[in-house]
Amino acid sequence: MSQPERLSTEAALTALLEHPHYRYRGCAPDPDDPRVAAGDNRVSVDAWQAPDVDGGEEREVREAREAAAIDVCVGCPVMVQCLAYGSSLTPEGRLPEPYAILGGRTALERTKALVRERQAVPVPVAVSEPVPVEQLRTEQKLAVLRGLARFAEPERVAVAAGLGDGLEGLRTAKWQIARLKTQLGLPKSATRAELLDAAVDRGLLDRSEVAAADAAGPGAFVPAGESPFRSGRRRAGRRGRRVVSVPPGQLAFDFDDQAAGASVSTLYPTTSLETAA
């Protein structure tokens, strides 16, 4: 069954009530016995609404009630108009009669159809208007852009921009990159290439800088002394000195290559306590 165009609840209800065959609807009370439906005198007129009982209906009872009501809906002369009303939206964006069977669909089926429809509609991405270029020509922003033209990794960008190789410098670099995307009118999902292109278009970078970085590749060399990696790097010291990386919380020992074969002296005497006493 195809999904009709969604109308406002007021308009859909008016169209249903004013339809010339509305008086012959299947769920109307039977003239001879108002307790049963006119479309099938074996079906109660209450079959289209979930009963208000403690604990709700048992599954088998509910499924039988819904199946009997839907069978009547299939032969109803205003089934299409009833489904249009059941699929309409209130001013708050909700479905009418959230517990009723309308147009041959249960409340759950109508709700699922609305959810699928809303999920299928792409959500527009909010993009800010670009700010005046003068606001982007700060020393730090320009340094981050030049670093981003050379390196893809935020750690390397931070070092190249002169922000340091610590955590604070990394945070500042990431914040500036995110801020530049917003101020250049780009979405948050913009790639590095898109950000650099926008910076070139606004005159913040020279095209030759970006081209040179592209030619060097994403793993461009970091000058000596600017490595952003603290852990495991070789430290300055006397010749032959080595640093062995160990997990946090464990003792670390510094060894000299020349002293590798030196003997180890115990720190504690081997004399028993009884003898010492």
Side-chain angles (χ1 to χ4, degrees), residues 3 5-6 8 89-95 111-236 245 247-248:
Q3 172 64 49
E5 181 182 355
R6 295 189 184 275
S8 69
L89 296 176
T90 66
E92 295 78 22
R94 299 175 181 174
L95 295 172
T111 301
K112 286 183 175 180
L114 177 60
V115 171
R116 286 194 300 269
E117 181 180 311
R118 287 177 171 173
Q119 289 177 341
V121 176
V123 179
V125 179
V127 178
S128 304
E129 290 293 327
V131 302
V133 70
E134 292 76 14
Q135 296 184 20
L136 300 172
R137 291 189 179 278
T138 66
E139 181 179 352
Q140 190 175 91
K141 282 184 171 61
L142 294 176
V144 169
L145 281 173
R146 287 192 293 268
L148 194 62
R150 296 174 58 194
F151 307 113
E153 301 86 354
E155 297 88 350
R156 294 177 178 266
V157 173
V159 172
L163 301 176
D165 59 357
L167 183 59
E168 190 63 31
L170 175 60
R171 287 175 177 171
T172 302
K174 287 185 174 180
W175 181 84
Q176 285 288 15
I177 291 172
R179 186 67 176 155
L180 282 164
K181 289 181 181 181
T182 302
Q183 293 181 325
L184 287 169
L186 299 173
K188 293 181 179 179
S189 58
T191 64
R192 170 176 173 261
E194 291 171 339
L195 176 55
L196 292 175
D197 286 341
V200 171
D201 292 341
R202 298 294 298 276
L204 300 173
L205 280 177
D206 190 85
R207 177 64 67 180
S208 61
E209 296 180 86
V210 180
D214 291 339
F221 175 72
V222 180
E226 292 188 353
S227 173
F229 306 105
R230 285 185 175 273
S231 59
R233 67 179 180 180
R234 193 179 187 89
R235 301 182 183 275
S245 298

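Quick caveat: nothing in here was measured; it's all calculated off a predicted structure. Residues take their numbers from the sequence shown, with the count starting at 1.
- Of the possible donor and acceptor atoms, one in the side chain of R192 sits under 3.5 Å from a partner among the backbone N and O of L148.
- Closest approach of A158 and G169 over heavy atoms only: CB-O, 3.5 Å.
- Take S8 and apply the side chain to side chain donor-acceptor pair (under 3.5 Å) test, not counting sequence neighbours, and it matches no residue.
- Note: L204 CG to L145 CG = 6.0 Å, rounded to the nearest 0.5 Å.
- Across all their heavy atoms, A173 and P154 have their closest contact at CB-O, 4.2 Å.
- Residue pairs meeting the salt bridge (Lys or Arg N to Asp or Glu O under 4.0 Å) criterion with at least one member in residues 135-149, sequence neighbours excluded, do not occur.
- Separation of atoms CG (D165) and CZ (R156) is listed at 12.0 Å; rounding is to 0.5 Å.
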* Asked: Can D201 and L184 be said to form a side-chain contact (heavy atoms from CB on, under 4.5 Å), step by step?
  -> CA-CA 10 Å; D201 292 341; L184 287 169; over 6 Å; no
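- Closest of all the heavy-atom pairs between P187 and K181 is O-CD, 4.0 Å.
- Every residue two or more places apart in sequence or in another chain that forms a side-chain contact (heavy atoms from CB on, under 4.5 Å) with P132 is listed here: E134, Q135.
- Residues D197 and R207 are paired through a salt bridge, judged by an N-O separation under 4.0 Å between the basic side chain and the carboxylate.
- Contacts of Q140 classified as side chain to side chain donor-acceptor pair (under 3.5 Å), with partners at least two apart in sequence or in another chain: Q176.
- Here CZ of R116 is found 10.5 Å from OG1 of T111. Values are rounded to the nearest 0.5 Å.
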* Asked: Is there a side-chain contact (heavy atoms from CB on, under 4.5 Å) between R6 and L95 once you walk through the steps?
  -> CA-CA 10 Å; R6 295 189 184 275; L95 295 172; 3.9 Å; yes
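- E168 CD to L163 CG: the interatomic distance, rounded to the nearest 0.5 Å, is 9.5 Å.
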